[in-house]
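Right, one structure below, let's go through it.
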Amino acid sequence: MDYNFREIEKKWQKYWQENDTYKVDVDSEKPKFYVLDMFPYPSGAGLHVGHPLGYIASDIYSRYKRMKGFNVLHPMGYDAYGLPAEQYAIQTGQHPAITTEKNIKRYREQLDKIGFSYDWSREVRTCDPKYYHWTQWAFLQMFGHYYDKATQKAEPIEKLIAAFEANGSADINAAGTEEFEFTATEWKAMSEKDQQNVLMNFRMAYLADTMVNWCPALGTVLANDEVKEGLSVRGGHPVEQKNMKQWLLRVSAYAPRLLDGLDTVDWSDSLKEVQRNWIGRSEGAEMKFCVKDSDVEMDIFTTRADTVFGVTFMVLAPESELVQQLTTSEQKEAVDAYLEETKKRTERERLTEVKRVSGVFSGSYAVNPLTKEEIPIWISDYVLAGYGTGAIMAVPGHDSRDFAFAKHFNLPIIQVVVPSGEEATDPATWEDSKDSKEGVMINSGFLNGMNVPDAIEKTKEYINEENIGKVKVNYRLRDAIFSRQRYWGEPFPIYFKDGVAYPLTEDQLPLELPEIDKYLPTESGEPPLGRAKEWKTKDGYPLELSTMPGFAGSSAYYLRYMDPKNDEELVSEEANSYWQDVDLYIGGTEHATGHLVYSRFWNKFLFDLKKVCKDEPFRKLVNQGMIQGRSNFVYRVKGTNQFVSLNLRKEYDTTPIHVDVNMVSNDILDTEAFKNWNPEYKDAEFVLEDGKYICGWAVEKMSKSMFNVVNPDVIVEDYGADTLRLYEMFLGPLEAHKPWDTNGIDGVHKFLRKLWRLFYDASGNVNVSDEKATAEELKTLHKTIKKVEDDILRFSFNTSVSAFMICVNELSSLKCNKKEVLEGFIGILAPFAPHICEELWKVLGNEGSITEAEFPVLNEDYLKENNFTYPVSFNGKMRFKLELPVDMDRAEIEKTVLENEASQRWLDGKTPKKVIIVPKKIINVVI
RNA sequence: GCCCGGAUGGUGGAAUUGGUAGACACGCAGGACUUAAAAUCCUGUGGCCAUUGCGGCCGUGUGGGUUCAAGUCCCACUCCGGGUACCA
């Protein structure tokens, strides 16, 4: 019988489904292991071969762990809310729920064909009311809590109210947007509305004014991605910066804990580094600068307090509240014009266009608190309102952006730090600022002669003593904007009474997404939910019109998988205390700063509420690389319908044209398929080389427009799921970005057929022997067990595939058909290629599924070697090999080597200076 | 600009802790089997020189350095990919 992968794969997929092979439950008898994939957004295009890369890796690991005796939780679901479905709905009127359902069905079919070991009974969908019930619930908890900096955790808002009633704001140490001061009496005298406004300032989920990209023509808010050069990508309408009330999550309150938690998780150093940079802790000083002829004070934050003698001007962010107060009447016109100009630029543009220097003088002067000098206050968009205090002291001598600004506007530059190994020079001659943190202070009064770190310390002390500021730790992590003016997302369980936001009670959850007539904003510019009929509480109060963003549903899905059908709570204590946290999380790096920060925040919040038992949700995290597309080209002779093969094209004047990679095999074009591809090419003529049309190629993004999208079902149809699984792993290291190239897939498929032939004879009959295996056969098997297990544990699946190939090649050469060896081999291969191994497991006479078998145990005894073949080098160059007993001592090795005939040739009569012997590694003779 | 990756044959890649560079596979070339094809098997395959044999020299993006020994460590640079919130 031949290796009939189509039949085998269908048969075992059916078996697994009928026998609930992958269903898991809490089982206190077994240790748990939780393997999670980042769940996909079910797009209309279906899965391409890039998606399963991480899923295959995690599946191999899950199956391995299961064979090692663990109770493995390995679930899958869908991140089902998202813009594409809504965009499609706007264009076609088709309800996003319908397209989403359709896409999910297609995804499921594709996933099922690859043979994953998911427990589908635990599937979650973020758009299912039974699921988003708990997203809304978590939001209500955030609304009802604040962050207490004293206890370093979330506390009920009632605790804050009690404190206000007892002592006013006096004892409060809570994370808030603004600072308040009031007495208990004043608090009690406040109106309900004023009290609620104060509380809003402290809630973990709160409403506040934020700058957004507002597109008046589309009546909607746009993401940075959707804006290019001040115009909307869709439609090309003008976009402006607009202040709007939005819900935010106080992620910044958790910045210190999000930073510290990174030390406890097993993630790559680069990923941790990216998160650390994102959280961005910086120690510095907040300083007060008085404004001349005014009682206005400017607070600025700086990490380089030591350079305060080099300050020659101040800069305000255009959005700063101080701008209006500090603009003089003479400058008003110029400032207004500038503000109007910056309104058109998105934050992204302000960030990338570093070389474009712009700004305007406010007309006011500040007084340097140390030198008492008067310095001009400018306004420029290189200072952002959202970070620090929205105002800076500019030190053009030692900050490159300040330097560029000073040069552009002809402002003075003073050198206050002389970098180590340099002399003081005239700043007028400089090409750039001297940002170094090493050097000696000059022109700096009492700091003169100190090195930079000492000067920073000294200045901080001085600032404290003189009461002109305070030492402060600043984080760049911002609160997350949590509302979207969209339809296809979770509704907020919030209603408004007299303009004040109030929460729905928990028994009113889930608040279901209403039906609307069109998926567009209302005529008056309200979000789509403004179209919903009866979108109000039963008492007639209007409900919130925004919906939640994509990351709402994905922030706690890993908890829901633990107990997906629970209608009473997000996750039961029993399920949570058994499954605890994700042991292995596999997904793309693109989530390094978004999802992975938000879900850690979300988890820590729930941890504070004692709803979950672990402070960090993802113990180990592996990033799979992106699979890029490999495009193919044909070369059309200009002005004709003639196509020239790759290596002949230089003789013609040609245009390269993308051709669908599915019509190309090993870069050879199926010319008939090409003719039928497009009516335009029906009469195409070909100039062939060696009777073939060879295509050119390039690595590009995998996309429809490049015709380089490869669909996994096509590969499964042609080669089988086991081949696809092995080939995706064989392609290269899991973490590396690599192009998809079907050219090598035959090798992997051939390997499986070769394996099959170890079990069957030439006439197709099972031919397996019960004889005792030879030492050589056992050595081959056990060296493979060792290598593969080692590789699985370090996620080096590409090298395990070659180890499998080497093993089968060796067993084929040995003509080994011993059951003992073959059974061991399919045991280690089963996590990678489960279908063929299930079948062969049965061929060997076993009952049931190989997933229940134990992973083969390594026996080191079979690997013992008496001799080692040493590479012998002379001056580091390998010259010949010499087999020596492993127990030979150094002196004897040296003697044997030097006496060797080949050595005599290389020594050429000289005495070696040194002989380096590394046992079981190398011998190097230094002459 | 800043942050994080990466660069090894014609191609994907291997070399896990500084110790035989190119495992494994694709492709290519030659051969066996076959009426033929497919399938399968065997041999060769980094470059240059020599090829009568032993072989020799060069070689992991570029230029330096450390070391008995460097793809691997250090310094400087080039190019490519990804992220990005000018974070003072």
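Residue numbering restarts at 1 for every chain, and letters A, B, ... go by the order of the sequence lines. No hydrogens, no waters, no symmetry mates; every other heavy atom, side chains included, goes into these values.
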Handout entry: For B/A15, the Watson-Crick or wobble counterpart (both distances under 3.5 Å)
Key = none
Practice task
Taking atom C1' in both B/U20 and B/G71, compute the distance separating them and give it to the nearest angstrom.
Solution key: 14 Å
Practice task
Assess whether one donor atom and one acceptor atom, taken from the side chain of A/Asn277 and the base of B/U84, lie less than 3.5 Å apart.
Solution key: no
Problem - Closest nucleotide among B/A88, B/G5, B/U16 to the A/Ser270 side chain - result: B/G5
Exercise for the section: Identify, between A/Lys877 and A/Lys914, the residue whose nearest nucleotide on RNA chain B lies closer to the 5' end. Expected result: A/Lys877
Practice task
Verify whether the ring centers belonging to A/Phe313 and A/Phe409 lie closer than 6.0 Å.
Solution key: no
Practice task
Determine the interatomic distance between P on B/G1 and the same-named atom on B/G56; round to the nearest Å.
Solution key: 48 Å
Completion exercise
In whole angstroms, the gap separating C1' of B/U16 from CD of A/Glu789 amounts to 15 Å
Exercise for the section: Pick the C1' atom in B/G22 and in B/U60, then give their distance to the nearest Å. Expected result: 9 Å
Practice task
Look at all strands and tell whether A/Phe804 reaches a base, only sugar-phosphate, or nothing, counting heavy atoms closer than 4.0 Å.
Solution key: nothing
Fill in the blank from the handout: B/C48 -> Watson-Crick or G-U wobble partner, both distances under 3.5 Å, gives B/G56
Exercise for the section: Test for a donor-acceptor pair under 3.5 Å between the base of B/U20 and the side chain of A/Lys881, counting only N and O atoms. Expected result: yes
Problem - Contacts of A/Arg753 that satisfy side-chain contact (heavy atoms from CB on, under 4.5 Å) - sequence neighbours left out - result: A/Tyr3, A/His749, A/Lys750, A/Arg757
Handout entry: Residues A/Ser252 and A/Tyr475: side-chain donor-acceptor under 3.5 angstrom
Key = no
Problem - Watson-Crick/G-U partner (both atom distances under 3.5 Å) of B/C33 - result: none
Practice task
Tell me whether the OP1 or OP2 atom of B/U40 has a side-chain N or O from A/Arg753 closer than 4.0 Å.
Solution key: yes
Exercise for the section: Give A/Thr302 one of three labels, base, sugar-phosphate or nothing, depending on what nucleic acid heavy atoms sit under 4.0 Å from its own. Expected result: sugar-phosphate
Handout entry: Side-chain H-bond candidate by donor/acceptor type, A/Glu735 with A/Asn623, under 3.5 Å
Key = no
Handout entry: Strand partner of B/G1, provided both Watson-Crick or wobble distances fall under 3.5 Å
Key = B/U84
Practice task
With C1' as the reference atom in both, quote the distance from B/G81 to B/G61 in angstrom, rounded to an integer.
Solution key: 15 Å
Problem - Same-atom distance (C1') from B/U45 to B/G9, integer angstrom - result: 10 Å
Practice task
Measure from CG on A/Asp790 to P on B/A15 and round the result to the nearest Å.
Solution key: 11 Å
Practice task
State plainly whether the residues A/Asp791 and A/Lys787 are in salt-bridge range, i.e. N to O under 4.0 Å.
Solution key: yes
Exercise for the section: May I ask you to say what A/Ser282 touches in the nucleic acid, namely base, sugar-phosphate or nothing, with a heavy-atom cut-off under 4.0 Å? Expected result: sugar-phosphate
Exercise for the section: Please work out whether the ring planes of A/Phe797 and A/Phe795 are parallel, tilted or perpendicular, with thresholds of 30° and 60°. Expected result: perpendicular
Handout entry: For atom CD1 of A/Ile917 and atom P of B/A69, their distance in whole Å
Key = 17 Å
Problem - C1' spacing across the pair B/U8 / B/A21, given as an integer number of angstrom - result: 8 Å
Fill in the blank from the handout: Checking B/U20, B/A69, B/A88 against the side chain of A/Asp399 (C-beta onward), the nearest is B/A88
Exercise for the section: Tell me what A/Pro733 touches on the nucleic acid: a base, only sugar-phosphate, or nothing, going by heavy atoms under 4.0 Å. Expected result: sugar-phosphate
Handout entry: Donor-acceptor side-chain pairing of A/Asp2 and A/Asn4 below 3.5 angstrom
Key = no
Practice task
Report yes or no: does A/Ser800 contribute a side-chain atom to a donor-acceptor pair with the main-chain N or O of A/Ser796 at less than 3.5 Å?
Solution key: yes
Practice task
Look at all strands and tell whether A/Arg879 reaches a base, only sugar-phosphate, or nothing, counting heavy atoms closer than 4.0 Å.
Solution key: sugar-phosphate
Practice task
Could you tell me which nucleotide pairs with B/C77 by Watson-Crick or G-U wobble geometry, both distances under 3.5 Å, or answer none if nothing does?
Solution key: B/G61
Practice task
Take the protein atom CD1 of A/Ile627 and the nucleotide atom C1' of B/G12, then report the distance between them rounded to whole Å.
Solution key: 12 Å
Atom pairs under 3.5 Å: protein N/O with N/O of nucleotides 22-26 of chain B:
| from | atom 1 | to | atom 2 | distance (Å) |
| --- | --- | --- | --- | --- |
| B/A25 | OP1 | A/Asn809 | ND2 | 2.9 |
| B/C26 | OP1 | A/Lys750 | NZ | 3.1 |
| B/C26 | O2' | A/Asn743 | O | 2.7 |

Exercise for the section: Look through every strand shown and name the nucleotide pairing with B/A39 as Watson-Crick or G-U wobble, where both distances are under 3.5 Å. Expected result: none
Exercise for the section: Measure the distance from CD on A/Glu273 to C1' on B/C4 and round it to the nearest whole Å. Expected result: 8 Å
Completion exercise
As its Watson-Crick or G-U partner within any shown strand, both distances under 3.5 Å, B/A69 has none
Practice task
Output all residues satisfying ring pair (Phe, Tyr, Trp, His ring centres under 6.0 Å) with A/Phe403, sequence neighbours left out; order by chain, then residue number.
Solution key: none
Exercise for the section: Indicate, with a heavy-atom threshold strictly under 4.0 Å, whether A/Ile392 touches base, sugar-phosphate, or nothing. Expected result: base
Exercise for the section: Using the six-membered ring wherever Trp is involved, compare the ring planes of A/Phe730 and A/Tyr727 and label them parallel, tilted or perpendicular (cut-offs 30° and 60°). Expected result: tilted
Handout entry: Side-chain N or O of A/Arg476 closer than 4.0 Å to phosphate OP1/OP2 of B/C86
Key = no
Problem - Selection from B/C86, B/A69, B/A21 that lies nearest to any side-chain heavy atom of A/Asn924 - result: B/A69
Practice task
Look at all strands and tell whether A/Lys787 reaches a base, only sugar-phosphate, or nothing, counting heavy atoms closer than 4.0 Å.
Solution key: base
Exercise for the section: Mind telling me if B/G6 is syn or anti? Syn here is a glycosidic angle within 90° of 0. Expected result: anti
Fill in the blank from the handout: Walking RNA chain B from its 5' end, the first of A/Ala391 and A/Leu477 to be reached, judged by nearest nucleotide, is A/Leu477
Handout entry: Interatomic distance at P, B/C24 relative to B/U35, whole Å
Key = 34 Å
Practice task
Starting at NZ of A/Lys779, measure out to CD of A/Glu865 and round the result to the nearest 0.5 Å.
Solution key: 3.5 Å
Practice task
Rounded to the nearest angstrom, tell me the gap between atom NZ in A/Lys472 and atom P in B/A88.
Solution key: 13 Å
Fill in the blank from the handout: note: A/Ile379, atom CD1; B/C86, atom P; distance rounded to Å ~ 19 Å
Practice task
Measure from NE2 on A/His737 to C1' on B/A7 and round the result to the nearest Å.
Solution key: 14 Å
Practice task
Can you tell me, in whole Å, how much space there is between the P of B/A39 and that of B/G27?
Solution key: 10 Å
